[in-house]
Amino acid sequence: MGNKVLILAGDGIGPEIMAEAEKVLAALIREHRLAVSIEHALVGGAAYDEYGDPLPGQTLQAALDSDAVLLAAVGGPKWDTLERALRPERGALLRLRSELSLFANLRPAITYPQLVDASSLKAELVSGLDILIVRELTGGIYFGQPRGIQTNPSGEREGVNTLRYTESEVRRIAHVAFSVAMKRGKRVCSVDKENVLEATQLWREIMISVAGEYPEVELSHLYVDNAAMQLVRAPKQFDVMVTTNMFGDILSDLASMLSGSIGMLPSASLDERGKGMYEPIHGSAPDIAGQGIANPLAMILSVAMLLRYSLSMPDQADRVENAVKSVLTQGFRTADIHTEDTEKVSTSEMGDAVVSAL
Ligand code: IPM
Ligand code: MG
């Protein structure tokens, strides 16, 4: 039997970084005889080109049948002019999240000591940084109805999106945030815009009520504008941040820069039972695709999260994370994190280095 992992390489730099992550996963499976089987399927623009659908039925079915999905990235200029429902972002990524009920998105922002100088902030502000952003992923303005572009009665076109959250949607993401906080620094900061948006007024109420079930966790609240400011002013004040789909999208890109490069950060998107999809937080970076310069570490660290959260193999997860730390200590750097006294390597050289450090 064993665990089934579905690999979706997608578009842009996706196939390049996925090749490195697969090397790492395959090495672990081989060395430690893990009961893990791997399947591949097309997704995103690559699937659209082949089947006219960015999430073909067989890919969705394979994702539903697997224990975990490893996804690189989807989208690119080639598909940007398609109607929205067929574009890789909406037609594949958001659909996968929604069809698999992956409502909890965990985005760690960790500054590795070796990369302190790659951050755009001063070293003392980021050294030792370890934040976890918990982003609600299947609700909010990304999915709320009504939505669309319509012509209003006075004949003018109008764009509409809707921010909605039900109590149960907020409650379940609150539980995720408080339970992960229990395993970390026991502090949760909930980010909202309660002063303006009723949907997030409800969000705050529910956060406060769920906090009652976790007496050891300290809950605080910030408006999203202030949270953005605090993240660059004094990021180490945070442990776990929990927030809505769109605020989480924005704040996690911001937080990624604290860690040196967006090319370093993995993420896990989980359902109620711990099944998950694992992906780097960065996109398909079409501008650098095919050049062998992309940083595969976020993709490789996504394998670690997959091992930890969906396959319950924390030792293997530690192995991968330690191998990444070790290659950084050895001075290997892809272009995005390269500094003068380090060794610039290609995407595949970085993957090879991680495999030998395993
Ligand atoms: C992310 C990405 C996606 C999002 C895009 C590609 C739809 O930015 O995972 O953060 O907005 O969720
Ligand atoms: Mg984003």
Side-chain angles (χ1 to χ4, degrees), residues 8-14 17-18 21 43-48 54-55 63 69-109 131-144 147 161-163 165 169 173 191 224 227-228 231 241-259 261-271 276-289 294-295 298-299 301-302 305-306 309 336:
L8 303 173
D11 309 315
I13 59 170
I17 57 173
M18 187 61 89
V43 76
Y48 177 82
L55 185 60
V69 178
L70 193 61
L71 171 80
V74 297
K78 184 174 172 199
W79 306 283
D80 277 351
T81 48
L82 293 175
E83 66 173 283
R84 198 156 284 272
L86 290 177
R87 268 160 72 169
E89 291 82 354
R90 170 91 172 274
L93 186 57
L94 296 196
R95 251 197 92 202
L96 268 172
R97 289 173 179 172
S98 174
E99 300 269 2
L100 301 182
S101 307
L102 306 171
F103 70 93
N105 185 211
L106 311 186
R107 299 191 159 188
I131 305 179
L132 180 66
I133 296 183
V134 177
R135 170 188 177 194
E136 199 291 325
L137 202 60
T138 51
I141 198 165
Y142 271 51
F143 292 94
R147 67 186 297 154
N161 290 95
T162 307
L163 173 60
Y165 269 113
E169 282 176 310
I173 195 72
V191 176
V224 63
L231 270 172
M241 298 179 97
V242 60
T243 190
T244 64
N245 203 340
M246 187 160 75
F247 294 164
D249 178 45
I250 299 166
L251 293 180
S252 60
D253 264 34
L254 192 163
S256 75
M257 269 298 123
L258 308 174
S259 76
S261 167
I262 195 165
M264 290 299 301
L265 296 193
S267 77
S269 307
L270 305 174
D271 75 0
M277 181 160 83
Y278 300 81
E279 48 177 319
I281 82 154
H282 61 69
S284 59
D287 53 323
I288 59 163
N295 184 347
M299 188 75 245
L301 289 166
S302 301
M305 290 190 95
L306 180 151
Y309 289 102
D336 57 318

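Counting starts at 1 for both ligands and their atoms, following the listed order. Each residue takes its place number in the sequence, starting with 1.
- No other N/O/S atom of Asp249 lies as close to the Mg ion (ligand 2) as OD1 does.
- The nearest protein atom to atom 11 (O) of ligand 1, hydrogens excluded, is given as Tyr142 OH, 2.5 Å; this is a heavy-atom distance.
- Contact detail for Gly12 and Ala289: the closest heavy-atom pair is C-CB, 3.5 Å.
- Side-chain contact between Leu137 and Phe143 is absent, with no heavy-atom pair separated by less than 4.5 Å.
- Side chains of Leu132 and Val134 form a contact here, defined as non-hydrogen atoms less than 4.5 Å apart.
- Interface atoms of ligand 1 facing Arg135, defined by a heavy-atom separation under 4.0 Å, are 1 (C), 4 (C), 9 (O), 10 (O), 11 (O), 12 (O).
- For atom 5 (C) of ligand 1, the nearest protein heavy atom (residue, atom name, distance) is Leu93 CD2, 4.2 Å.
- Only one option out of Asn245, Asp249, Thr244, Asn161 pairs with Tyr142 in a side-chain hydrogen bond (donor to acceptor under 3.5 Å, both in side chains); it is Asp249.
- Using a 4.5 Å heavy-atom threshold, the side chains of Leu96 and Val43 count as touching.
- The Mg ion (ligand 2) has no N, O or S atom of Asp253 inside 2.8 Å of it.
- Taking each of Val74, Ile262, Asp253, Asp249 in turn, the one with a heavy atom nearest to atom 2 (C) of ligand 1 proves to be Asp249.
- Residue contacts with ligand 1: Arg107 is included, with a non-hydrogen atom under 4.0 Å away.
- In this structure, Arg97 has a heavy atom closer than 4.0 Å to ligand 1.
- Two residues are said to be in side-chain contact when any heavy atoms from C-beta on lie closer than 4.5 Å; Val74 and Pro54 fail this criterion.
- Considering backbone and side-chain atoms together, Glu89 places no N or O closer than 3.5 Å to any N or O of ligand 1.
- The closest approach between any non-hydrogen atom of Arg87 and ligand 1 is not below 4.0 Å.
- The side chain to side chain contact (heavy atoms under 4.5 Å, CB included) check on Arg87 picks up Asp80, Leu82, Arg84, Glu89, with sequence neighbours excluded.
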